Protein chains: 2
Amino acid sequence: MNFKAITMNDIARALDLSASTVSKALSNSYEISEKTKKLVLDYAEANNYKPNLIAQSLKQGHSNSIGIVVANIDNHFFSQVINGIESIAYQEGYNVIFTQTHESYELEVKNVNHLAHRSVDGLLISLSTETNNIDHLQKLQRQGLPIVFFDRVSDDMETHKVIVDNFKGAYEATTHLIKAGYKNIAHITAANTSVTRERLSGYEQALTDNGINVNQQYIKYCQHAGKDTAEIKGILDELLTNAVSPDALFTAFDRITTVTLGLLHQLKIKIPQHIALLGFTNTVLADVLNPSLSTVYQPGFEMGQEATKMLISLIKTKRLVTEFETIVLPTQLFLRNSTLRK
Amino acid sequence: MNFKAITMNDIARALDLSASTVSKALSNSYEISEKTKKLVLDYAEANNYKPNLIAQSLKQGHSNSIGIVVANIDNHFFSQVINGIESIAYQEGYNVIFTQTHESYELEVKNVNHLAHRSVDGLLISLSTETNNIDHLQKLQRQGLPIVFFDRVSDDMETHKVIVDNFKGAYEATTHLIKAGYKNIAHITAANTSVTRERLSGYEQALTDNGINVNQQYIKYCQHAGKDTAEIKGILDELLTNAVSPDALFTAFDRITTVTLGLLHQLKIKIPQHIALLGFTNTVLADVLNPSLSTVYQPGFEMGQEATKMLISLIKTKRLVTEFETIVLPTQLFLRNSTLRK
DNA sequence: ATGAAAGCGCTAACAG
DNA sequence: CTGTTAGCGCTTTCAT
């Protein structure tokens, strides 16, 4: 059982023409007579001819498709980014292939290489939490593959990037908690990404600016951005048995935020009476959670759009690009019941 | 700016060998001496050689990749299915390419054809709500492309299918509402899919079996499975201004369920006091919604796994397959506060 | 206006 | 053990 579609040679043979004539007719070349064009087009139509895109790609050296690498698609933020990417890509005639790293460095390398050597014309990537080393990307960039970073970026490569103002988003969130009367604000975040560092400094700066000492015992890292519920459970246990248990949590990643909410429920901890909760998440359910959840929202759709526009411009440029841009989008703070004034 | 990776010919030229020797060395053929193998392997390693998968696919007529078509990835159910698919596919050495139809027939046709002619070895598909006609799939099947349906299937094609027991899931859900004391149970569902019909009959049968008349005014269809919030808003308005306003809602699709919850909140309708809510959804947040949400859960991960196993077996079979199987997985009913006894 | 031929990168049958 | 050759389906010169 093997997929066999009709080819140009089949058409050529059937109509007693040459393959090159058929090719030209199909692409509406001025060299071909109207009569022949019609003949070919009608036959192709009638026999459901579709060009073999693999052969086209091999011949042309490009494929009109772009590759996407994200941590997980079952994440509100990333799925919004993907929708933004698609919206621009389709409009510009590009197809989109996406892959998940599941926060694994190994899978990231594998997927990146697979995409590159399946001849995507460019790559859009948000690094996995495990990734420290971007050799795999640098090699491809040196070979001429256009790469644009979004969300979790690396300083080790010069290219276009799209991020949100993580520092400001975290600063505003933390400041809100302080103004609402919370004093002992813990921070749960993912290990090792650019996003981690920026949000952490926003958190620390807000504390400092309000005369609160940064307590290292209140800063907790998850290895895989919240995929491991047990790990977050352990972190909460540590925080809650601390000499001074925190009265608010500021969570920095989508999955960490929602998992934390679930765990606090299981522990029968009242929000915000016992502990307030505010986190980065793009869930559309924030309003209908119990309690409704104060969130830092990231413009995922717009991020996808901007990154894609930049990538396509890189793809289309013939000359070497050496001037790169980093777009910084604003976050939005939505205040709901999980951070009601103390 | 064009991606140029090192090729086998580059290696052959550099080492003064022929391309076929290099090819054989790289695939560890018994024909090649250890010395030459080492020479080639080392050079390839040092120069970051990666085979051009496009060329391999063209040559071999297959690509070790499978294509997935779903409505939307930002849907808890579908993203779980995708994770199930990946788990089997990777293990069997296949890569996965997925695309979204956004419930559009046109996009479905486009994506299906794109995948097929980009030489995926097989296709896994859940139909869009708009799809009535599966010519596009039948043509490909006739040409020998293995196709497996999951979730939203069609009777118009003989092939392997994986579904859940939609009738039973809906029957149990409706019966639960009745037993809990609800009398006027409305049903909001998506238009036009196999899933719609099966869940609708489960709902109707449960009513009938309990001596309740089926009221057509209580059965409402959304055109795009809940993507259009305004449409659901309109439906709720109609239901609530009905002569006898329903005291319970049974929603049949993931997105419809969560959007309905949000809209009831906006309308300041108390759940379950004013209206109970129970729906199909795979959201992991069901426990922490307000109120916690009674749900019909579908084993998405397992569905993805089963479908992929079947597809890969079809791909690997050389002879024509004429005996097809439909796997039916059970749903699970989770009772929470949104359907508390009246 | 049409066709012959070469080649994209790779594999495989066949020769040596 | 290594090389030559042909060909996957398509595009693109270059002839005719």
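Quick caveat, the model's predicted, so the values are computed rather than measured. Throughout, a chain's letter reflects where its sequence line sits, starting with A, and its residues are numbered from 1.
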Donor-acceptor under 3.5 Å (B/S119 side chain, B/H62 main chain): no
Within 6.0 Å of CD in A/E31, more than 12 heavy atoms from elsewhere: yes
Overall bend - the helix from C/dA1-D/dT16 to C/dG16-D/dC1, comparing terminal axes fitted on five pairs, nearest 10 degrees: 50°
Length of the line joining B/K50:NZ and C/dG9:P, which is rounded to integer Å: 17 Å
DNA chain D: 5'-most and 3'-most nucleotides touching chain B, 4.0 angstrom heavy-atom criterion: D/dC1 to D/dG9
Counting only pairs under 3.5 Å, give me each side-chain donor-acceptor contact of residues 303-315 of chain A, with atom names and distances, residues two or more places apart or in other chains.
from   : atom 1 : to     : atom 2 : distance (Å)
A/Q305 : NE2    : A/S87  : OG     : 3.0
A/T308 : OG1    : A/G304 : O      : 2.6
A/S313 : OG     : A/M310 : O      : 3.1

Main-chain N/O of A/L53 paired to A/S57 side chain as donor or acceptor, under 3.5 Å: yes
A/H136 and A/Y105: CA distance, side-chain angles, deciding distance, ring pair (Phe, Tyr, Trp, His ring centres under 6.0 Å) verdict: CA-CA 10 Å; A/H136 54 303; A/Y105 170 70; 5.6 Å; yes
Summary of protein contacts for nucleotides 11-16 of chain C, nucleotide by nucleotide, where a base hit scores B, a sugar-phosphate-only hit scores S (4.0 Å, heavy atoms): BBBB--
A/Q100 side chain to A/I73 backbone, donor-acceptor under 3.5 Å: yes
Length of the CG-P vector between A/L58 and C/dG9, whole Å: 7 Å
Pairs flagged by salt bridge (Lys or Arg N to Asp or Glu O under 4.0 Å) wherever residues 79-102 of chain A is involved - sequence neighbours left out: A/E92-A/K316
Polar side-chain atom of B/K37 near backbone of B/K24 as donor-acceptor pair, under 3.5 Å: no
A/D121 side-chain N/O to A/N64 backbone N/O, donor-acceptor pair under 3.5 Å: yes
Distance-only criterion, 3.5 Å: show the donor-acceptor pairs between side-chain atoms of residues 41-48 of chain A and protein atoms not counting sequence neighbours.
from  : atom 1 : to    : atom 2 : distance (Å)
A/D42 : OD2    : A/K38 : NZ     : 2.7
A/N47 : ND2    : A/Y43 : O      : 2.8
A/N48 : OD1    : A/K50 : NZ     : 2.7

Side-chain donor or acceptor of A/N72 paired with backbone N/O of A/D74 under 3.5 Å: no
Touch class at under 4.0 angstrom, heavy-atom based, for B/I54 against every strand present: nothing
Interatomic distance, A/E34 CD vs C/dT2 P [rounded to whole Å]: 11 Å
Integer-rounded Å distance: C/dG9 P and B/F3 CZ: 11 Å
Sugar-phosphate, base or nothing in reach of B/T36, heavy atoms under 4.0 Å: sugar-phosphate
